[in-house]
Amino acid sequence: MDCFLYNTQHQNDEGYPIVRHLSMCKISEILRLRYELNCSYRDIARSQNVGTTTVGEYIARAKTAGIAWPLPEGLSEDDLYKKLFLPNDPGGKNKPIPDWEWVYKELRRKGVTRQLLWREYRDIHSDGLSYSQFCEQYRLYTKANVPIMRQIHKGGERTFVDYAGMTVPWIDPLTGEIHEAQIFVGCLGASQFTFIEATATQSLADWIQSHVRMWEYFGGVSKIVVPDNLKSGVTKAHRYDPDINANYQLLGEHYQFAIVPARAGEPKDKAKVENVVGIIERQILAAIRHITFTSIAEINAAIKPRLLAFNQQSFQKMETSRLALFESLDKPVLKPLPKERYQYAEWQHAKIHIDYHFVFDDHYYSVPYKYIHKEVEVRATAATIECFYQKKRIASHPRSYLRYKHSTFKDHMPTAHRAHAEWSPERIKRWANKIGPHTMTFINHLISSRAFPEQSYRACLGVLRLGSKYGENRLEKACAIANESGATRYAQIELILKNKLDTIDVIQASITPIISSHKNIRGSNYYK
């Protein structure tokens, strides 16, 4: 028994596809198994090595064509195919056939539809195929050619991205350790124009930077990016990334593309890139397997000329190349690159402290005081620090690498605090030194006891102003008592002055009476 695969690349004199015999099964056998043996679609599919959808389609077409079982005598497989798959149009003989490769290419242009192409075809050939014949024969053409042609993607519409399964080993010349370079692959849907590069890891930083370099290689940006469910781009478990990684989402906003992840368990969603990955592994990665590399840069240098040749070579069943399709389909409609290149950023959670600052990399940055105690997200690049609350940016600072220092904007302070903005630890210490050394020592302790110097300003000014209320001499004595006891709070100084503890003669209070000598009292010599 023969199974037919209909290839419409060639037609007979009547305009019908030429039938090619490939293996031992045929459409009539599917009908026999169904109607004579009452087999299920699944059993028929297994028996004939076809999909259950194909079985259902053949049976449905037979019903529509009014074909019952057993088949009429003298009905050949070719006649059966015509009844099932071609319109019953006696006038369909000798009709001009469109250039299906040209149709396939034109359909990838933005705004071009089958209806439009059919109308243009009929404007030239008024006696040509009907619209239904046009669509059916085009479907058969795409089915008989490479599988990638079954999904039509408009120019500049989609880019598919993924990592190849193969890696490329390289040796660190300093340590002798062998590393495995990861291979990032991105291809445009309409032209299959491809970009690949080696990276050290599949981490978020490498994932983001590969996208940036891919857009620069393409010279523009597509409307949609379809990644696999790689954790670098798509994750549900991470606290920062409920669905799309926050950094990846910002990359999309910067380059103005939508991120539409491939559905889990739906390989057809990313068939483009999976097909390209397989070809890349065979034609490029396998070709460099015998080269010893000592860096990622060397790997990319070896990939570059091979990638150029790959994009320039013609498809097996089409007289064009990825580069030619890119120039005509994708490149004219890609969105332009933004003026500034995207900068990779680190993300962290932080909490705003009582002094309206948050900490990043041991430096303190201010935010508007109304966000005290709020949980925020911090985005840090090499040049800037940005703070977000509920996805809204509330502060931005130039990044500082000075540890334990502060970056504070006056506008972030409460009105009452702005009066203290002109104060500094040095100015406060100069005032304290004028009062006396004990006051200076206490102020030093007070400032150093706080996590941030600004947190001590209010208390320091309060202590120094007690000199105006109680006198600087009493304040100096009160500070001496506080220093001796280890006190470091404004309230303790105020308590000493209120209770007049500073007026007690410390020398007299510390004198102890002299005890006369006695035989039961051991002297210092006893302990020698």
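Count residues from 1 along the sequence.
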Check against side chain to side chain donor-acceptor pair (under 3.5 Å), H211 and Y248: CA-CA 10 Å; H211 278 70; Y248 194 30; 2.9 Å; yes
Could you tell me whether the side chain of H254 and the main chain of E340 form a donor-acceptor pair under 3.5 Å? yes
Heavy-atom side-chain contact between F310 and L308 under 4.5 Å: no
Measure from the side-chain N and O atoms of D330 to the backbone N and O of S191, and report whether any donor-acceptor pair falls under 3.5 Å. yes
Kindly determine whether V161 and V185 satisfy side chain to side chain contact (heavy atoms under 4.5 Å, CB included), including the steps that lead there. CA-CA 6 Å; V161 292; V185 181; over 6 Å; no
Partner set under salt bridge (charged side-chain N to carboxylate O under 4.0 Å, His left out) for E327, not counting sequence neighbours: K331
To the nearest 0.5 Å, what is the distance between CD on Q313 and CG on L323? 11.5 Å
Under 3.5 Å, is there a donor-acceptor pair between the side chain of S328 and the main chain of A324? yes
Residues 245-254 vs salt bridge (Lys or Arg N to Asp or Glu O under 4.0 Å), sequence neighbours excluded, gives none
Hey, mind stepping through W215 and F195 against ring pair (Phe, Tyr, Trp, His ring centres under 6.0 Å) and telling me if it holds? CA-CA 9 Å; W215 296 134; F195 167 80; 9.7 Å; no
Indicate yes or no for a side-chain donor-acceptor contact from H373 to the backbone of K351 under 3.5 Å, with no hydrogens or angles considered. no
Residues that T201 engages under side chain to side chain donor-acceptor pair (under 3.5 Å), provided they are two or more places apart: S203, D206
Carefully, step by step, assess W347 and F388 under the rule ring pair (Phe, Tyr, Trp, His ring centres under 6.0 Å). CA-CA 10 Å; W347 284 85; F388 296 84; 5.6 Å; yes
Who are the ring pair (Phe, Tyr, Trp, His ring centres under 6.0 Å) partners of Y35, not counting sequence neighbours? none
Under the criterion side chain to side chain contact (heavy atoms under 4.5 Å, CB included), I'd like the reasoning laid out for F315 against L325: C-alpha separation, chi angles, the key distance, then a yes or no. CA-CA 11 Å; F315 292 100; L325 288 177; 3.6 Å; yes
Do W118 and T113 make a side-chain contact, defined as non-hydrogen atoms from C-beta onward lying under 4.5 Å apart? no
Flag side-chain contact, heavy atom, 4.5 Å: Y356 against K370: no
I196 versus T194, closest heavy-atom pair with distance: CG2-CG2, 3.9 Å
Rounded distance (nearest 0.5 Å) linking atom CD1 of I385 with atom OG of S396: 9.0 Å
Would you confirm whether R289, through its side chain, and A286, through its main-chain N or O, come within 3.5 Å as a donor-acceptor pair? yes
Worked verdict on W207 versus Y163 for ring pair (Phe, Tyr, Trp, His ring centres under 6.0 Å): CA-CA 9 Å; W207 173 256; Y163 281 103; 5.7 Å; yes
Would you say the side chain of R114 lies within less than 4.5 Å of the side chain of L116, judging by non-hydrogen atoms? no
Say whether, by atom type as modelled, one donor and one acceptor occur between the side chain of Y364 and the main chain of R403 under 3.5 angstrom. no
Side-chain contact test, heavy atoms from C-beta onward, threshold under 4.5 Å: evaluate it for L188 versus R158 and give yes or no. no
Is there a side chain to side chain contact (heavy atoms under 4.5 Å, CB included) between Y365 and V378 once you walk through the steps? CA-CA 10 Å; Y365 300 90; V378 179; over 6 Å; no
Nearest 0.5 Å, please: how far is CG in L285 from CD1 in I279? 12.5 Å
CA sep, side-chain torsions, deciding dist, call: F293, I291, side chain to side chain contact (heavy atoms under 4.5 Å, CB included): CA-CA 6 Å; F293 298 103; I291 302 176; 3.6 Å; yes
Do any side-chain atoms of residues 295-305 form donor-acceptor pairs under 3.5 angstrom with protein atoms, and if so which ones, sequence neighbours left out?
residue: S295; atom: OG; partner: E298; partner atom: N; Å: 3.2
residue: E298; atom: OE1; partner: T294; partner atom: N; Å: 2.9
residue: E298; atom: OE1; partner: T294; partner atom: OG1; Å: 3.2
residue: E298; atom: OE2; partner: T294; partner atom: OG1; Å: 2.7
residue: N300; atom: OD1; partner: A198; partner atom: N; Å: 2.6
residue: N300; atom: ND2; partner: A198; partner atom: O; Å: 3.2

When rounded to the nearest 0.5 angstrom, what is the spacing between SG in C387 and NE2 in H357? 12.0 Å
Measure across P261 and V226 and return the closest heavy-atom pair with its distance rounded to 0.1 Å. C-CG1, 4.5 Å
For the residue pair P98 and V103, what are the closest heavy atoms and their distance? CB-CG2, 4.3 Å
Tell me every residue that passes salt bridge (charged side-chain N to carboxylate O under 4.0 Å, His left out) with R306, counting only those two or more places apart in sequence or in another chain. none
According to side-chain contact (heavy atoms from CB on, under 4.5 Å), who are the partners of D99, at least two apart in sequence or on a separate chain? E101, W102
If only atom types and distance count, is the side chain of R282 paired as donor or acceptor with the main-chain N or O of V277 below 3.5 Å? no
Straight-line distance of D361 CG to R399 CZ, nearest 0.5 Å: 5.5 Å
Would you say the side chain of H349 lies within less than 4.5 Å of the side chain of V376, judging by non-hydrogen atoms? no
Which atom names give the shortest non-hydrogen contact between P96 and L129, and what distance separates them? O-CG, 4.2 Å
Please list, chain by chain and in numerical order, all residues satisfying side-chain contact (heavy atoms from CB on, under 4.5 Å) with I171, sequence neighbours excluded. I178, T292
Check salt bridge (charged side-chain N to carboxylate O under 4.0 Å, His left out) between R393 and all other residues, then give those that pass, not counting sequence neighbours. E386
Checking E36 now: which residues fulfil side-chain contact (heavy atoms from CB on, under 4.5 Å) with it, not counting sequence neighbours? R32, W69
Taking all atoms of both residues into account, what is the closest heavy-atom pair of T159 and S222, and its distance? OG1-OG, 2.7 Å
Can you name the side-chain contact (heavy atoms from CB on, under 4.5 Å) partners of R341, sequence neighbours left out? V212, R213, E216, Y255
Would you mind telling me which of L33, I30, T54, I59 makes a side-chain contact (heavy atoms from CB on, under 4.5 Å) with Y41? I59
Check whether any side-chain heavy atom of L251 sits under 4.5 Å from a side-chain heavy atom of F257, and report yes or no. yes
Report the distance from atom SG of C135 to atom CG of L117, rounding to the nearest 0.5 Å. 10.0 Å
E136 side chain reached by R139 side chain, heavy atoms, under 4.5 Å: yes
Mind checking side chain to side chain donor-acceptor pair (under 3.5 Å) for S407 and listing every partner two or more places apart, or none if nothing turns up? H363
Aromatic ring proximity F193/Y217, centre distance under 6.0 Å: yes
Classify the angle between the aromatic ring planes of F326 and F218 as parallel (below 30°), tilted (30 to 60°) or perpendicular (above 60°). tilted
